[in-house]
Structure formats: structure tokens, C-alpha cells
Amino acid sequence: MNSSRPLARKAAAFGASAAVLGAMVAGLAAAPAQASTQATAGKAGAAAASTKARPKVSVSTPKASSRDNDGSCPVKVDISANINVKLDGKTELAYRWLHGDGSKGKVKVLKLKGHGTKSVKIGQTLTFNEEVKGWEAVQVLGPRKVTSKKGYFSVTCQDAVVIDGDQLDAKKISVSAWADPSSYVGPCTPGDKVNFLGRIKVNDPTWVKYRWVLNGRVVDYGRTKVYHSKTVSFGYSPRESQRGYAVLQVVGRGGGSSSDRAYYKVWCKDEAPTPSARVSATSLVTATNNDGCKVGAHANINSTGRARVEYTWYVNGQSVDRGEVGFGREGSRTVELSDRVLSGSATKGGRVTLSVSGPRNNDSISQSYAACEAPKPKISVSSLSVSGQRNEFCADKRGPGVDFKATISSTAPTTVKYYWVIDGKRENPDLERQVNGSVDVTWGIAGAQSASETKGSVQLVVTSPDSASASTSFSVSCPKGA
């Protein structure tokens, strides 16, 4: 018990919430287990290192859902980062979060397999009851030790800003609120269970700033333009059985207006699944993202009654993601597979499968995805200029011949088709050149008749695989005495 007190003082100095403090103290209690996990991960890493090189690992800088959080407290801050592991078989990814107060999170281990670079998105949610400035970082312990840069964030607690009391009196604002549903019975899994709705009425259009008070504590606030009446709302997801009330307030320095209490009651009850409930997977849609060669998907999970459904995503038969959804009654939920980087033969196309498992039956749905297409080369033309002149034409009382040069560039190896234009007239059929990076192309014209000068405009036009062009004017003269 005494060992946790210095940690509590450190967390208080940092401004951590009770939720974060609880997690930190729990981390102390779990330290032997974490050490065991690290030792196991270390042994596994040593064994892997003895047979082949450890995979390359990189970590992005953690990002907060909002770097500067300004509002009523408590405030939840979502922080995420990406860990990229270059795989050639199987490995274990061990990582933990580093906190700005000097504490460390619990070590987590993920098993990875495959070939090519695999991107793993990790995240955490921190709750703060008071103002704080801090940072979070990710430390990868295996298969290679890497620590990310620090991702900074801040929390500023503010009371709701409201309109003046004189304005309230002039606008004659009235407020009402109610809960929907006012009574809930069922599993208390994450997600809104009770919605509180309020209606603000005014006799003259005005901007109104309001706040919601749940069981005596400010939990949400906002600002809205009300012309005659406006409905505002917030959702609440209790984790345990309880009853209480919410009030919608518009408060000013000289007075204010509040709704009656909107009472609610929640009974968290993990009732047994409906015996006859059946689950199914439908409406699978896959999408290939050619930018980085990735595949993503979404589908619907359906249940005919109360049920808890587990689901797994597969790409070409390999499990890549899994989760769980709960149904309080008959309904449908949409689940998504975030973009996954493809490598090897998977880049040429394949299949995505969603498998679901309910209390009474299993179901699955599959759909093919398209092969990744190489990005279309981008073509550019530059450095179009006169590269030389031929004065032998001057002896025939003509202007000098002119030679031109230009540079065609491509972002990928390709065959480029192009032609030259002199004084607005096309000079030739399409010419072809293989371009891998940049290549110089040339063209020449004879001297102008009965003139000592050759002048005009020149243009190089690319027609395939992309359109591009460049143009310039020119003027060259025969040497004096020619």
C-alpha cells in the first residue's frame, strides 16, 4: 500500500485522472507478470535472432485525437500510433506505452506472421479530471527495441460559457429535457445506452450556449443558433446498474433557465442469448487502395434476437482482425476491416472473408478484391530550348537551320509518345521513346526562305501515357557577312 503513495503524488503532480492513476497502481501490482512477459518475449527474440536477422521495426509519433483539448472536465483523450514491422515469417511484437509522468504501461504482446511490411495500429484512452500538459510515447521491446518520438497534448478545463442574464430575460428562453429510453435493461457494453434530448425555445433568434448536467456534474456543453426552437442531445453509456437524472441548462450571470430533471434507470443484465437467435454476415464490400497497395472492407452482422457475436476478418485465408458485437434484440451492425497492406502474391488479387460466430450458429461471407494497379506514370516536359543553329543555309539566301532540345521525365518506366509543333503546325507523326527517369529528345528545321533570320515558336507535345507539353519562341540570324 505504501509503495503506491509516491506514484499517486507523481500522478497528481502530472494532473492524471483517477482512471489513469488506477491503471498505474494496477501496473505496479502486475509488475512481476509484466517482467515474466518481457522475459518470455526476450527469450523468444533471442531464439529468433539466432536463426535469422531480427525484423526491421519503426514507430510513428503518437497522435492525440485532439492535441489541445479545451472544454469541461473530465476529458477523454484518445491517443494512437502505428508500428510497422517488416516480416519474413513469424515474430512476436512486444510494446508498451511511456507516460509523460515517467511511468510505463503494461507490456502487450501480439503474434504476427506473413511477408512484407505489416502495419499495426495501437491506441489507448486517457481520462483527465483537471488541466494537464503531457506527452505519450511507444516503446517496442521486441523483436527489436525502438522508442517513438514524444506525442504532446494538453487539457484545459473550462466551465460552459453562457449568454448574459439580461439577454436571457430579453429572449425569454425556455428549456425542456427527456431521456430516451428512460429505462434500459440489457448488457452494459460500450456504446450509448441512454440518449438525453433537450429542446431550447426562444421568442427571438439568438445564439445560445448551453450545458448538460448529469447527476449534478457538468458532462457536456455547446453553442448553437436558435431561431424558434432547437433540439440538442448527448449520449451516456453506463458501465453498471444505476439510476439518476440529467438537466439541460442555459445559465447567465444575471440568471438562467433550466429544464426539469430527466430521470433514467439502467439495469446492467447480461441475459442469456435468445435460444432461437441466429446470426448471419451479409453485404460484404471490398475495396483495393492502389496508394500503397492496400485492401479494406465492410459488411453487416445480423442477429434475429439477443446475442453476443464474435467475428474474424481473413485476407486470403489468414486471420488479420477480430472483434465482438452485442445485440440486445434483433438488428444489424456494420463492421469494418481497416486498410491492410498487401505484399507478394496478394497484390495480384485475392479474397476477403468475414466469419461470424453466434450462440446457435456460425456464418461467413467472402468476396474477391481487385489486384493493385501500378500508379499511372506522370510525365513532364522541361528545358525546351534552341540547342544549335546551322549556318550552311545562309549561303542559299535562307535563314539558318535551327536545332531544338527538350527533356521528357517520367515517374515510372514507360513508353512515351510525342510530336513537335513549329509555328502552330504539327511537324511529324507520333514519335516513341522509352523513358525511365529523364531523357533528352531533339528536333531540327531548315532555314526560312529569302531571309537572314529564322524565328517563330516551337512546342513539344506528349500524348501518352499522360499528357504534357512545353513551348517557347526562338529567333536566330545568319552571321554578318555570310
Side-chain angles (χ1 to χ4, degrees), residues 58 84 86 116-117 287-296 339 341-350 369-482:
S58 63
N84 298 316
K86 190 172 183 180
T117 300
T288 301
N289 183 351
N290 292 316
D291 183 10
C293 194
K294 304 172 186 177
V295 66
D339 281 353
V341 177
L342 301 172
S343 61
S345 60
T347 62
K348 300 178 181 179
Y369 65 86
C372 294
E373 297 179 0
K376 184 179 178 181
K378 294 183 179 179
I379 309 297
S380 61
V381 180
S382 61
S383 304
L384 176 58
S385 61
V386 173
S387 60
Q389 69 181 65
R390 288 169 277 117
N391 295 324
E392 64 269 22
F393 290 92
C394 296
D396 297 330
K397 295 183 179 181
R398 300 173 64 179
V402 187
D403 295 324
F404 307 102
K405 183 177 73 172
T407 300
I408 299 177
S409 302
S410 174
T411 57
T414 188
T415 300
V416 174
K417 293 183 179 182
Y418 65 97
Y419 62 86
W420 293 88
V421 177
I422 304 296
D423 291 337
K425 295 181 180 180
R426 180 167 175 163
E427 284 281 292
N428 56 281
D430 280 348
L431 302 174
E432 291 187 1
R433 286 294 297 271
Q434 296 296 319
V435 180
N436 184 5
S438 297
V439 65
D440 290 338
V441 294
T442 60
W443 189 251
I445 61 173
Q449 296 284 351
S450 303
S452 61
E453 180 184 25
T454 306
K455 62 180 180 179
S457 64
V458 59
Q459 182 182 24
L460 176 63
V461 179
V462 175
T463 60
S464 177
D466 193 11
S467 60
S469 66
S471 61
T472 188
S473 57
F474 64 91
S475 176
V476 295
S477 302
C478 288
K480 291 183 179 181

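Closest approach of Ala346 and Tyr369 over heavy atoms only: O-OH, 2.8 Å. Scanning all heavy atoms of the two residues, the minimum distance from Leu342 to Cys372 falls at CD1-SG, 4.0 Å. Contact between Ser452 and Pro400 at its shortest, heavy atoms only, is O-CD, 3.8 Å.
Side-chain atoms of Asp403 and Thr442, non-hydrogen and from C-beta on, never get closer than 4.5 Å to each other. Here the side chains of Ser469 and Val381 are not in contact, with every heavy-atom distance at 4.5 Å or above. Looking at Asp466 and Thr414, their side chains never come closer than 4.5 Å, going by heavy atoms from C-beta outward.
A donor-acceptor pair under 3.5 Å links the side-chain atoms of Arg398 to the main chain of Gly447, judged by distance alone. Judged purely by atom type and a 3.5 angstrom limit, Thr472 has no side-chain atom pairing as donor or acceptor with the backbone of Leu384. Under the 3.5 Å distance criterion, the side-chain polar atoms of Arg390 are matched with a main-chain donor or acceptor of Ile445. Listed for the Asn290 side chain is a donor-acceptor partner under 3.5 Å among the backbone atoms of Glu373. For Glu453 (side chain) and Ser475 (main-chain N/O), no donor-acceptor pair under 3.5 Å exists by modelled atom type. Judged by distance alone, with hydrogens and angles left aside, the side-chain atoms of Thr454 form no donor-acceptor pair with the main-chain N or O of Val476 at under 3.5 Å.
Contacts classified as side-chain hydrogen bond (donor to acceptor under 3.5 Å, both in side chains) and involving residues 429-439 (residues at least two apart or in different chains) are given here: Ser409-Ser438, Thr415-Gln434, Arg426-Asp430.
Atom CD of Gln389 sits about 7.5 Å away from atom OG of Ser477, to the nearest 0.5 Å. Rounded to the nearest 0.5 Å, atoms CZ (Phe474) and CD1 (Ile422) are 5.5 Å apart. If you take CG on Asp339 and OG1 on Thr288, they are separated by 9.5 Å, rounding to the nearest 0.5 Å. The line from CD1 of Ile408 to OG of Ser383 is 11.5 Å long, rounded to the nearest 0.5 Å. A distance of 11.5 Å separates OG in Ser410 from NZ in Lys378, rounded to the nearest 0.5 Å.
Partners of Asn428 according to the side-chain hydrogen bond (donor to acceptor under 3.5 Å, both in side chains) rule, which considers only residues two or more places apart in sequence or in another chain, do not exist here.
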Donor-acceptor pairs under 3.5 Å, side chain of residues 456-465 to any protein atom, not counting sequence neighbours: which ones?
from: Thr463; atom 1: OG1; to: Lys417; atom 2: O; distance (Å): 3.4

